[in-house]
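Notes follow once the structure below has been shown.
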Amino acid sequence: MGKRRKPKLAVWKFASCDGCQLSLLNCVDELPALAERVEIAHFLEASSAVMKGPYDLSLVEGSITTPRDLERILQVRRVSKFLVTIGACATAGGIQALRNFKDVKEFVSIVYARPDYIETLETSTPIADHVPVDFELHGCPIDKRQLLEVIGAFLIGRRPNVPSHSVCIECKLKGTVCVMVAHGTPCLGPVTHAGCGAICPSYHRGCYGCFGPKETPNTASLSREWSRLGASEQEILNVFRGVNANAEAFRKESDLHARRND
Amino acid sequence: MEVFSNRIEESPAGGPGFFNPWIPHTAEVIGKRREALGVHTLRLRLRDEGVRRSYRFRSGQFNMLYVFGVGEVPISIVSDPDESGVLDHTIRIVGKVSAALVSLKKGDTVGLRGPYGSSWPLEEAVGKDVLIVTGGLGCAPVISVINYVANRRDRYGNLKIFHGVKTPKDLLYRARFHAWQKHPDTEVYLTVDHPDLEWKYNVGVVTNLFREVRIYAQRSVVMMCGPEIMMHHAVRDLLAQGLAEDRIYLSLERNMKCAVGFCGHCQFGPAFICKDGPVLRYDRIKEWFGTSEI
Amino acid sequence: MHDGTIKVKGLARVEGEGGLYLKIKGGTVVDLRLEIFEPPRFFEALLRGRSFSEAPDITARICGICPVAYQMSAVHAMEDAFGIEVDGPLRALRRLIYCGEWIASHSLHVVMLHAPDFLGYPDGFKMAKDHPGIVERGWQLKEAGNEIIALLGGRAIHPINVRVGGFYKVPTKRELAPLVERLKWAREAALELVRWTAALPYPEFEQDYEFVSLRHPFEYPFNEGRLVSNRGLTISVRDYENQFVEEQVPHSHAMHSRLIGRGAYLVGPMARYSLNFDRLSPLAQDAARTAGLSPVCRNPFRSIVVRSVEILHACDEALRIIADYEMPEQPAVPVRPRAGMGQGCTEAPRGMLYHRYRLDDEGLIREAKIVPPTSQNQTMIEDDLRRFVQANIGLPKDELGLRCEQTIRNYDPCISCATHFLRLHYDRE
Amino acid sequence: MKILDRNSVDLFFDALKRQGFALVGPTIPDSAIVYDEIGSSADLPVGWTDEQDGGTYRLKKRDDEALFGYVVGPQSWKKFLHPPSLRLWTAHREGKGFKIIPEQDDPPKLAYIGVRSCELHAIAIQDKVFIGGPFLDSSYGLRRENVFIVAVNCGQAGGTCFCVSMKTGPKATAGFDLALTEIIEPGRHYFTVETGTGRGEEVLRDLPYTEATEADPATVERIVEKTVSQMGRTLDTTDIKNLLYQNLEHPRWDQVATRCLSCANCTMVCPTCFCSTVEDVTDLSGEHAERWRKWDSCFTSDFSFVHGGTVRPSVKSRYRQWMTHKLATWIDQFGTSGCVGCGRCITWCPVAIDITEEVRAIRETKK
Ligand SMILES: Cc1cc2nc3c(=O)[nH]c(=O)nc-3n(C[C@H](O)[C@H](O)[C@H](O)COP(=O)(O)OP(=O)(O)OC[C@H]3O[C@@H](n4cnc5c(N)ncnc54)[C@H](O)[C@@H]3O)c2cc1C
Ligand code: SF4
Ligand code: SF4
Ligand code: SF4
């Protein structure tokens, strides 16, 4: 084993908050073992040392929001053998994709006194809209155990155990009492991708969808239930327009409510 | 459940060292042969002598093969049940576990649990014509039965093998088909949907062949394996030719995690493919077989 | 270096994507820019039309390194608007989660990002080969901080449990208990860290800053206090925008935050420390003195020691909060939204973080303004760089480039946070 | 039949502990009654009850101090017998090969306090799955062997209960060591105790019980009758297997699919659902591997994944799998229904889909 060339790991950042990269640095107990197994070849947040590509495993954080990044992601893809996108920004466009529903020029002028200096795209889009992606890890932020799982699976060549079912299953595996049924608190868990470990319900709040849509999400049915529990159209619109606003299932559902709100 | 009486009741319940059915044994890769692009046969030998000696299987059954750290998948046993001590598995690379299995080398170790499931009706078929219908990218479960019958030509009637694929390059075991063709009283019919210039056999779906070839419905047993839609058409056409529903056997595939009826994944209506199947008699599943997304 | 340009394409070991452009002609600095590639994300714009209750979750996403700070400033601003007072154990729990963030954020910076500069390593991983104990201790300290955030907030990054009025769920005394042992260890480790950082080699580089931070009547500031400076400023947070402006300056395209009529100022650990030394826990004060750090620190390179002192203080404070904790009846005080304006300013690890919201009577946000610490320090970083380069102009180019990077890292700049202020100029060659 | 006073309940619990059993039973850590470790009768939901309907569950105070004055909560005993996640084995590399080390499984001896009749049936059903066939699931078997069951006859029915329809309750008839009926009369709070096994009788031996009077069995019957009359739901099981077999393409499946979230809550709370998946995990060094078993559900797309896609992509087919399995194919597979009428799937469905209602709809418009 020892003689084998260590795979090179690279971490890339696009428009994001750095939280997903930080998840890697939060793997305190596992980092020594990881540094044994891989060459941390490009990870600007943590190291000034940069090794040349190609990289065996690239972790890409952030969404595409500028013309410069449009070019940079192509370059990253070219030097990456296996490319994993991490986090809601990279997999769905992130919270900054809320601009996709508005006129971006207006956004710029709200924030910046000299809008003409700002070079930005009309939209914030996920990496997979621009280059082929080998695996997507969801979450805002990603869960560090899942990140380790993906890296571990990559190293040995297996499928990562990252199920795409609902958060509800995680609630039940943990023994958390359903907040929707037992408190009447609206919860996005039934349409949200598992992975966080059902954190919000165990803190007595409804899930707000930070892991994005699960497979086959029935957002329409859940919206109906939310209104039955007293949520306003505005609240329903807003919850689908969160950190995964641009994920297809959430976007479609929110568009419906936006139209109803008008 | 008497509906599925061809399941093997004497299969290794508390059998030889299989007390906890979740625990694999280890087996050594003792040989490896390339069959076609992305298809290889691994020859395995159980490492523990006691287990090896008591291990018995029937044609049509499968093992769960485990690659260290990568995962475990169901794979049919294609070697001859009477050849003692070795187990052949023909594996097509479709994903991570199958790829990892195929990447193993001689001397490597796999985890092995089995044998599981029902088998082909080879006793019932003695003295009868055997019709093999198979399609798609080479279906391992029928290889075992063809081998079995081909090696015992005197016990069975005429052997007809119908094999259909999309294009000539999907025809994986060309050499094997040629070899079988040379066996006495054996006919091999190959067909493709989209021929190329060199293709010299039939063209069209496999079921077209039934009309051209003389089939003695009364004295035939059909064994079938392949994409469900292909089998669906084949069954319909064979019934039209007068074959009885209880003479048609299908081998089905479903997701499997345990292979012993605990995990629930392989349910097909009332049947568990892992213990009632994979080989099922058509009349017992016909309502389910016609329904989509079962 | 007499003539030439230095370009640092990707600034490493800072949070976010930035670069440095430096041009020297005839032995003087003619152009110096801290360039930010970090794309803008328009938080102030996208907050419009959202409910007050969503602000803590949304603004947390500005920065994965200091999400608690954003949540804290946001909830304080909202509570200011609604006239709500959060006190007693709920207030204590907020301070506790903030302790967690300071410990985690500072430990990461001190040990993994900043210390390698002093010892000549490209990163903490390489440093770990020669100083395994130091690096391991740093990791574990960071982890101790994360554990506090995760316990109170549900997870270490973008915690989910903070809400306007308090929390969704508060821990029992028993649930907090396991933190005690961990924090006792952390306090010892932080003490060691202060000693260790104090012994690092420092360049002579004393600067005359105007420090700005919160100051509280009896606490080292986290969530509350007046804004004060060492040059006589003392205002309530409500007056922030009367005293501070973002100005456009002719020589640069960048927006700079300035004190009206006075100019650039410094926020962050050094400012906080120098203005509030007397509010540090006795243990932290002692440790600073013993380590030879005077109650006012003007050498930005020594900010690494100041951060270590703050880690120590946060551990001490966290232990005190846990010891005094009684579980409140309700996890949050009732919140009734009303139209109006609310401001909040808290001390993020990197310095004061100001939020202002204008809300309608349903509690929907009509206008939002967020001023993060890194953008407030922007001018200072460039000033420091200019002075530093001028003073060290004789150094070879490579060395000078490295020293510039180190100077930037003194500030632990968080570029993800800062983007809202910074010019986006892409130097495409 | 014997009589045990309310004040002797803790003596009873202590007797169980002396026999080496740890107690698990209903308790309220949060906003619902769940099964967890209990030390004494004070840990039970004393004076609490629950109100249940499709998609809602609320705890309410009772006006008495009943120990068992509620029905079933979101969890069932399967969480102990068939744990939500369980390591099956570990393996490590050894030379060119590897070695598999079976999990050392040493489950504690548990006394289940307050098992309802529907739950006794559910346990019997899972027994058939895990230890009734040609293969034995040793983890289940070991846990099962170690259980002492204290049943409780239901003194009231929940809004989603339909055990009468499924012939599984409300009175415990078999499968327990001891069965209690709680009786609260003005000035008197006591339990009748029936013994189901010699083990049960032995535990009773040293307790200050009295013999039941002639009136007591009648009182029990009356309580049970009252419960029967309160059943929140009914399900007509007449020829249900064929009803569903013949209506696999009924339009109702499409209809329910517009509401169903495929969130899997129903299967998770179901006391008979036994499905699991396995996860192979490795550490970063690649030298160690483990296999874990976790609860799974036929409502997920991975459940039916075969190379090339999932067999049941539509929510319609997943709901159909769940309901036909519970009520029909189960009969072919194990000789009984897979449904015990506990009503959990109705209560804990976030959008209140009701299995009894779905059966009714199909029955009314059957082919
Ligand atoms: C009874 C039976 C006999 C089989 N015999 C053979 C054989 O002889 N040769 C052969 O090449 N293949 C055979 N298969 C199919 C083989 O099991 C799958 O190709 C294999 O599981 C794919 O795993 P993977 O990880 O490589 O692929 P992926 O596509 O990555 O699959 C991921 C996982 O899904 C599950 N899965 C995917 N496809 C199937 C499938 N078809 N059946 C069951 N589970 C699946 C497995 O758990 C697998 O690990 C058989 C399947 C069954 C049910
Ligand atoms: S709390 Fe939310 S995620 Fe959990 S089971 Fe209920 S609906 Fe599903
Ligand atoms: S419960 Fe939902 S919102 Fe909360 S952390 Fe999990 S995925 Fe995110
Ligand atoms: S209903 Fe679904 S989850 Fe439950 S036992 Fe049947 S197949 Fe398994």
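Heavy-atom basis, side chains included; hydrogens, waters and symmetry copies ignored. All chains are named by letter (A, B, ...) in the order of the sequence lines, taking the proteins before the strands, and each is independently numbered beginning at 1.
Ring-centre distance between Phe130(D) and Phe262(B): below the 6.0 Å cut-off.
Of the listed residues (Ala289(D), Ser139(D), Cys273(D), Cys298(D)), the greatest number of heavy-atom pairs within a distance under 4.5 Å of chain B belongs to Ala289(D). Taking His265(B), Gln267(B), Glu72(B), Arg47(B) one by one and counting their heavy-atom pairs under 4.5 Å with chain D, the maximum is reached by His265(B). Top candidate by heavy-atom pairs under 4.5 Å with chain B, chosen from Lys316(D), His325(D), Arg293(D), is His325(D).
For the 3.5 Å distance criterion, the side chains of Asn255(B) and Ser304(D) fail to qualify, holding no donor opposite an acceptor. Judged purely by distance below 3.5 Å, without hydrogens or angles, the side chains of Trp89(D) and Asn20(B) never pair a donor atom with an acceptor atom.
Here the shortest heavy-atom pairing between Cys275(D) and Gly264(B) reads SG-CA, 3.6 Å. The two residues Pro270(B) and Asp332(D) come nearest to each other via the heavy atoms CB-CB, 3.6 Å.
Put simply, the side chain of Phe135(D) does not reach to within 4.5 Å of the side chain of Trp22(B), judged on heavy atoms. Proximity of Ile100(D) to Pro24(B): side-chain heavy atoms (C-beta onward) are separated by under 4.5 Å at one or more points. Val311(D) is not listed as a side-chain neighbour of Phe268(B), based on a closest heavy-atom distance of 4.5 Å or more.
Evaluation of the disulfide (SG to SG under 2.5 Å) rule for Cys225(B) yields Cys139(B) as partners, not counting sequence neighbours.
A distance of 8.5 Å separates CZ in Phe303(D) from SG in Cys266(B), rounded to the nearest 0.5 Å. Arg312(D) contributes atom CZ, which lies 11.5 Å from atom OG of Ser292(B) (distance to the nearest 0.5 angstrom). Interatomic distance, Asp108(B) CG to Lys96(D) NZ, rounded to the nearest 0.5 Å: 5.5 Å. Here the straight-line distance linking atom CZ of Phe68(B) with atom CZ of Arg93(D) works out to 5.0 Å at 0.5 Å rounding. The NE2 atom of His307(D) sits 7.5 Å away from atom OG of Ser98(B), with the distance rounded to the nearest 0.5 Å.
Heavy atoms of His82(D) lying under 4.5 Å from chain B are absent altogether. With a threshold of 4.5 angstrom between heavy atoms, Thr26(B) approaches chain D through side-chain atoms but not through N, CA, C or O. Looking at Asp137(D), both its backbone and its side chain come within 4.5 Å of chain B, counting heavy atoms on both sides. Heavy atoms of Thr282(D) lying under 4.5 Å from chain B belong exclusively to its side chain. With a threshold of 4.5 angstrom between heavy atoms, Arg318(D) does not approach chain B through any atom at all. Residue Asp283(D) does not touch chain B at all, counting heavy-atom pairs closer than 4.5 Å.
Atom NZ of Lys109(D) sits in a crowded spot, with more than 12 heavy atoms from other residues, nucleotides or ligands closer than 6.0 Å.
Remark: Glu293(B) does not engage Arg320(D) in a salt bridge, criterion side-chain N to carboxylate O under 4.0 Å.
Along residues 244-260 of chain D, the residues that come nearer than 4.5 angstrom to chain B, judged on non-hydrogen atoms, are Tyr245(D), Leu248(D), Glu249(D) in order of number.
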